[in-house]
Amino acid sequence: MKMRIPFLDLADMHADLADELKAKFNKMLQKGIFSGGEEVDLLESSLEDFLKVPHAIACANGTDAMELALRVLEIGPGDEVIVPALTWVSTAEVVKMVGAEPVFCDVDQYGLLDLNVLEQQITERTKAIMPVHLYGKMVDMKRLMQITLPLGIKLVEDAAQAFGAFQEGNSAGAFGEMGCFSFYPTKNMGALGEAGLVITSDDALAKKIRLMLTHGQSKRDVHEMVGRNSRIDSLQAGFLNVKMEYFLAWQQKRKQLAGIYLEHLQHTKGITVPDRILKDDNNAHLFTIRTEERDALKQYLEKQGIGTAIHYPKAVPATKPFKGDGDFPMANKMAQTTLSLPLHPYLGEKEVRQVCEAVQAFYN
Ligand SMILES: Cc1ncc(COP(=O)(O)O)c(C=O)c1O
């Protein structure tokens, strides 16, 4: 019998963990600590261990993480920040929010900042570059740093989709001045609400981020600088602590399922698969294929009860708030041709095979 396969079902995914999550909530309710506290400390120290970085600073969400990072680097009016033309809108949004100008760069065949054309976008006003590790696949950071280091250009990595991806043993986000993660519920490490993270190896930047996300307060009523409130919700920290225990097993399952997709679809004429998804520098967050028949395939799968998603239907410079000059052929092409198939740790092998059969049937 054919199963209905949603792209993602968060209720279903959390059913297994319901007892543990409820126990965590009850414990926190009893203690009455809803801001800061031991759950936040525990989350930060376990993330420092897992990501192998000296500072992991939890905050309210991934967008704030990036905005805070740009602010502590004192990027603002008159500065330019290079952002890939294909990404979630946040990456460009935060540049505008600090008063600087996003300068878009086209992407490569993987949807990542195209390092072959990046240098054409660099000017004397370029203060930072924000590489996005889109779909969970990391940008070649060694090559990127060969370009930026001699020029003194800062790197703020958008690792929102790349939690658990490592390049030569170093986590996504650990190469640049700062790396930013999102624990948005649909991410491979998702909270039960909003949460984010900044990582850095720089003690001074870490201190500034900590101050800035809590009104510049070093201790109660002592304000060192102008800041804001972007503290993580302690309940979310508690839930993330429960989920961290399962993270590696979930990642293993993602890779196993991605392997099944590759096995069945890599020779299917008409589609391009994410061929490097099983490598360490890819966390298999999304299984995003490319096809000229994207919209028809999406509709066909929908009719078969299979949910898919488009990441993203428009390149950022083609959206109303960011419209401007520039030609981004690859980003625009990807916006028209990419389709993400269901991939999460609660999906069964049988379901993945069913999706593969449906995709193959479409092309036959
Ligand atoms: C590439 C990318 N950047 C930034 C973000 C922003 O994270 P958040 O939704 O936690 O603000 C997301 C997630 O939505 C993302 O996928």
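Just so you know, these numbers come straight off a predicted model, no measurement behind them. All ligand and atom numbering here is 1-based and tracks the order in the structure. Starting from 1, each residue takes its place in the sequence as its number.
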Is it true that the side chains of Thr308 and Glu302 contain a donor and an acceptor less than 3.5 Å apart? no

Any idea which atoms of ligand 1 are less than 4.0 Å away from a heavy-atom of Ser90? 4 (C), 5 (C), 6 (C)

Inspect the surroundings of CZ in Phe328 and state if more than 12 heavy atoms from other residues, nucleotides or ligands are less than 6.0 Å away. yes

Is there a side-chain hydrogen bond (donor to acceptor under 3.5 Å, both in side chains) between Tyr363 and Thr291 once you walk through the steps? CA-CA 11 Å; Tyr363 285 98; Thr291 169; 2.5 Å; yes

Using a heavy-atom cut-off of under 4.0 Å, does the side chain or the backbone of Asp158 touch ligand 1, or both, or neither? side chain

Relative to the heavy atoms of Gly62, which atoms of ligand 1 are at a distance of less than 4.0 Å? 7 (O), 8 (P), 10 (O), 11 (O)

Sidechain N-carboxylate O distance under 4.0 Å for Lys208, Glu74: yes

What protein heavy atom sits nearest atom 11 (O) of ligand 1, and how far away is it? Thr63 OG1, 2.5 Å

Nearest to atom 13 (C) of ligand 1, what protein heavy atom do you find, and at what distance? Lys187 NZ, 2.8 Å

Could you go step by step and tell me if Asn188 and Gln251 meet the side-chain hydrogen bond (donor to acceptor under 3.5 Å, both in side chains) rule? CA-CA 8 Å; Asn188 66 328; Gln251 283 303 109; 3.2 Å; yes

Around atom 15 (C) of ligand 1, find the nearest protein heavy atom and jot down its residue, atom name and distance. Ala160 CB, 3.5 Å

Could you tell me whether Met66 and ligand 1 have an N or O pair separated by under 3.5 Å? no

Test salt bridge (Lys or Arg N to Asp or Glu O under 4.0 Å) applied to Arg210 and Glu44, step by step: CA-CA 12 Å; Arg210 282 199 186 282; Glu44 290 184 340; 3.0 Å; yes

Distance-only N or O hit between ligand 1 and Ser182, under 3.5 Å: yes

Protein heavy atom at shortest distance from atom 5 (C) of ligand 1: Trp88 CD1, 3.5 Å

Any chance you could lay out the salt bridge (Lys or Arg N to Asp or Glu O under 4.0 Å) test for Arg353 and Glu357, step after step, and finish with the verdict? CA-CA 6 Å; Arg353 291 207 168 86; Glu357 280 162 22; over 6 Å; no

Salt bridge Arg125-Glu101, side-chain N to carboxylate O under 4.0 Å: no

Identify, for atom 16 (O) of ligand 1, the protein heavy atom at the shortest distance, and state residue, atom and that distance. Gln161 NE2, 2.9 Å

With heavy atoms and a 4.0 Å threshold, my read on which part of Tyr312 contacts ligand 1 is side chain

